[in-house]
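For reference, the structure discussed in these notes is given below.
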Amino acid sequence: PCFSAFPQAGLDGENIGNCPFCQRLFMVLWLKGVKFNVTTVDMTRKPEELKDLAPGTNPPFLLFNKELKTDFIKIEEFLEQTLGPPGYPRLSPKYKESFDVGSDIFAKFSAYIKNPRKEANINFEKALLREFHRLDVYLNTPLPEEIDQDSVEDITVSKRKFLDGDHLTLADCNLLPKLHIIKIAAKKYRDFEIPADMTGVWRYLNNAYTCDEFSHTCPADEEIEHTYASVARKMT
């Protein structure tokens, strides 16, 4: 199959910008093992061919055999249905909870980083930490398949690498780009770090950074910092 991906361009108008949806799409394509062309879209000077292709919509887009797809969720569903076993790996998680567990974390981060009032900061930070705690508990709780009914040893802490097991799934493609943004932007503008005692979250992140599908699709730190420079207002 012939795929062309059109992500948002970064500061220089050429490299890939900070866009968690674009990174998610790249991860899915990479994990599926398909070859694809990448053309970054400079939103300040939208290229002529895209004006005709996708008027009024923002990247990422996917061009598949000359057919344009712009709705992100539909792109992901299309890839999962079109590129299935035996030729391609299935990426849907087994457990619904793997998708749900991190669903509020980015919204809580956004509220936290946009808040300019010093006295309100602690509550926004607590709300973000609660979501991180929920994620940490999930990652440290063994999945049903990790518990061997015949084994003498009780596994009390999960050893799995990712949300849904030892392989990256669509749930990871959704959550990891967001966690990376939070890690960079919250440190830079709010001096926030994911607590060291959240061993599940750190195990997860450290495993993810060893995977090319994730580490090689992360935007540069300065792209993330630039995105949030105007959003993260000074607290007063």
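Note that the numbering runs from 1 along the sequence shown for the chain.
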Measure the shortest side-chain to side-chain distance between Phe132 and Val201 over non-hydrogen atoms and say whether it is less than 4.5 angstrom.
yes

Does a side-chain heavy-atom distance below 4.5 Å link Leu205 with Leu176?
yes

Which atom of [X] lies closest to which atom of [Y], heavy atoms considered:
X	Y	value
Asp172	Pro177	O-CD, 3.8 Å
Ser98	Ala171	O-CB, 3.6 Å
Met27	Glu213	CG-O, 3.1 Å

Sequence neighbours excluded, which residues qualify as side chain to side chain donor-acceptor pair (under 3.5 Å) partners of [X]?
X	answer
Ser103	none
Tyr95	Glu145
Asn174	Arg24, Lys178
Lys96	Asp100

With sequence neighbours excluded, tell me which residues meet ring pair (Phe, Tyr, Trp, His ring centres under 6.0 Å) with Phe99.
none

Using the test ring pair (Phe, Tyr, Trp, His ring centres under 6.0 Å), find all partners of Tyr138 that sit at least two apart in sequence or belong to another chain.
none

Using a 3.5 Å distance criterion without hydrogens, assess whether the side chain of [X] forms a donor-acceptor pair with backbone atoms of [Y].
X	Y	value
Asp164	Lys94	yes
Lys32	Leu83	yes
Glu80	Ser92	yes
Arg134	Val101	yes

Checking Asp136 against Thr199: is there a side-chain donor and acceptor pair closer than 3.5 Å?
no

To the nearest 0.5 angstrom, please state how far the CZ atom of Phe3 sits from the CG atom of Leu79.
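The distance works out to 5.5 Å.
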
Could you work out, with salt bridge (charged side-chain N to carboxylate O under 4.0 Å, His left out) as the rule, every residue matching [X], not counting sequence neighbours?
X	answer
Asp191	Lys187
Arg117	Glu119
Glu146	Arg160

Just jot down the side chain to side chain contact (heavy atoms under 4.5 Å, CB included) partners of Thr227, sequence neighbours excluded, or say none.
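So Thr227 forms a side chain to side chain contact (heavy atoms under 4.5 Å, CB included) with Asn18.
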
Non-neighbouring partners of Val231 that pass side chain to side chain contact (heavy atoms under 4.5 Å, CB included), sequence neighbours left out:
Ile113, Lys114, Tyr228

Any ring pair (Phe, Tyr, Trp, His ring centres under 6.0 Å) pairs touching residues 184-208, not counting sequence neighbours?
Tyr112-Phe192

